[in-house]
Amino acid sequence: MMKKNSSYAWEEFHSDLLLEIVKHLHSAEDYVRCRAVCKSWNLKLPKTPNHIRGPWLVLPLNHDTIKDEKDFYLRLPELRNTMVCGSSFGWLTSVGTDGVIQMLNPFTDVQFDLPPMSTIPDIISHRHDAKGEEYTIKHVRFMDGVNISYISDKHEVKKKHIQKVILSCPPDNNNEDFMAITIYGKLHRLAFCKFADKTWTDFSIPEPELYHDCGLEDAIFHKGYIYAIDFLARLFVFDKKTSMGIIIRDVPSPQCINITSAPLNTNYLFHDADGDLLMAIRHSHIDEIGVLKTSAFHLYKLDESVKQWIRIFSLGNYVLVVGFNSSVCMLPFPSAKGNWARNCIYYSDHIADFHGPNLGGRDVGVFNLEDGSIEELFPNSTCLYPPPLWLFSQNFIS
């Protein structure tokens, strides 16, 4: 029994009783406030709630479409004036105008810095005092492979130079196994950093002409290596120990991929519940106002015995979540309406070339693999900027 009029009464809640109480909190914001009541509660309760299944949608600070915000998102002023370019294991990765690349856990407010933008491999120089011309960037000309350079301002670099950041594991407790990889630059190459690194290191392959025009779209840590997929659904494998990679020539792209349709598609890599490698192809079209909109998804599983992508038509009871986040196949969860989400794909708009202050970012929705239907989450919006992205905890990914 708690002591009356005791300043320690709150701290004396038994762990089991406290866990039962928080099961009735259905807002992530309320859960964070509950953990902050006292040090004892903060230690007894998990950092992320196991019963609030998510994923959550991170929206621009000025967004007003959703009125019942307690069911959807936390306020994250730390992300003001940044571009979020990654979401893994409950951590958000953002790029600031000052070139700082930072990871934030919005549930604990813990932050870690990754190497800055100025150390990305194709950045030749960075001058803080060169207003409007802060970055000099190396580029390989597509037609003849000649190295050239161009000037870009810090706002453009913040918005578009990093396409995606993917983590190997949470960056907790100085984990020596931690690695971050990023798809960067106009050529969509791959670079990495390990814990406490000061710079990004470029991956390379023996045939640089293939890497110059590969246009990587997604990557995943798989069986001790890093697998990446380009816009033509060509599969690359990178060795974390040597920073070298190869293209797997004996895995042909699905027949639906060709040089004409590829620019309107996006390819994602993810694991299923058995640890097999799968690919999702997101088919899109340009709507009447010039915005890229999702039309459908096709799923493929890699059959390593015959080195082929095999078309599949269902995720069973699982859900796929794609966008700026690490592509994740996760357990089902109750939707905002109380219905259980199964066999569908949650997607957000992460094609940076179609984003701007007055256009883009609104291609966010749910694709039903059962009947091919699409539920757009923001059908009446013309622009969501910065674009939304999905946030989920590692507790949900199993």
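Interatomic distance, CG of Leu19 versus NE2 of His14, reported as 10.0 Å (0.5 Å rounding). Of the inter-residue distances, the one linking Lys158 atom NZ with Met83 atom CE reads 8.5 Å to the nearest 0.5 angstrom. With rounding to the nearest 0.5 Å, the separation of CG in Asn325 from OG1 in Thr93 is 11.5 Å. Atom-to-atom distance recorded for Ile345:CD1 and Asn368:CG is 9.5 Å, nearest 0.5 angstrom. Once rounded to the nearest 0.5 Å, the distance linking CG of Asn265 with CG of Leu232 reads 10.0 Å.
Each of Thr182, Ile166, Ile181, Ile205 was compared with Leu190 under the side-chain contact (heavy atoms from CB on, under 4.5 Å) criterion, and only Ile181 meets it.
Nearest heavy-atom pair, Leu45 versus Cys34, reported as atom, atom and distance to 0.1 Å: CD1-SG, 4.1 Å. Here the closest non-hydrogen pair linking Asp349 and Pro387 is O-CB, 3.4 Å. When all heavy atoms of Ile123 and Ile137 are compared, the closest pair comes out as CD1-CG1, 3.8 Å.
Judged as a ring-ring contact (aromatic ring centres under 6.0 Å, His included), and not counting sequence neighbours, the contacts of His283 are His298. Annotation: side chain to side chain contact (heavy atoms under 4.5 Å, CB included) contacts of Thr294 (sequence neighbours excluded): Arg282, Ser284, Phe297, Tyr347, Asp363, Ile374. Under the rule for a salt bridge (charged side-chain N to carboxylate O under 4.0 Å, His left out), Glu133 has no partner lying at least two apart in sequence or in another chain.
A donor-acceptor pair under 3.5 Å is absent between the side-chain atoms of Asp274 and the main chain of Asp276, judged by distance alone. Of the possible polar contacts, one joining the Ser314 side chain to the Gly316 backbone as a donor-acceptor pair under 3.5 Å is found. Judged by distance alone, with hydrogens and angles left aside, the side-chain atoms of Glu156 form no donor-acceptor pair with the main-chain N or O of Lys154 at under 3.5 Å.
Side chains of Ser125 and Thr136: a donor-acceptor N/O pair is present below 3.5 angstrom, by distance only. Ser326 and Ser88 share a donor-acceptor pair across their side chains, judged by distance under 3.5 Å alone. The closest side-chain donor-acceptor pair between Tyr184 and Asp202 falls under 3.5 angstrom.
No more than 12 heavy atoms of other residues, nucleotides or ligands lie within 6.0 Å of CD in Glu370, so this atom counts as exposed by the packing criterion. The local environment of CZ in Arg127 is sparse, with at most 12 non-hydrogen atoms from other residues, nucleotides or ligands closer than 6.0 Å. Atom NZ of Lys138 is surrounded by 12 or fewer heavy atoms from other residues, nucleotides or ligands within 6.0 Å.
Under the 30°/60° scheme for interplanar angles, the aromatic rings of Phe195 and Phe178 are found to stand perpendicular. Ring-plane geometry between Tyr227 and His222 is classed as perpendicular, the angle between the planes exceeding 60 degrees on a 0 to 90 degree scale with a lower cut at 30. Between His350 and Tyr268, the two ring planes are tilted [angle within 30° to 60°].
Annotation: side chain of Trp41 is not in contact with side chain of Arg35 (no heavy-atom distance under 4.5 Å).
A salt bridge does not link Asp122 with Arg189: every distance from a Lys NZ or Arg NE/NH1/NH2 to an Asp or Glu carboxylate oxygen is 4.0 Å or more.
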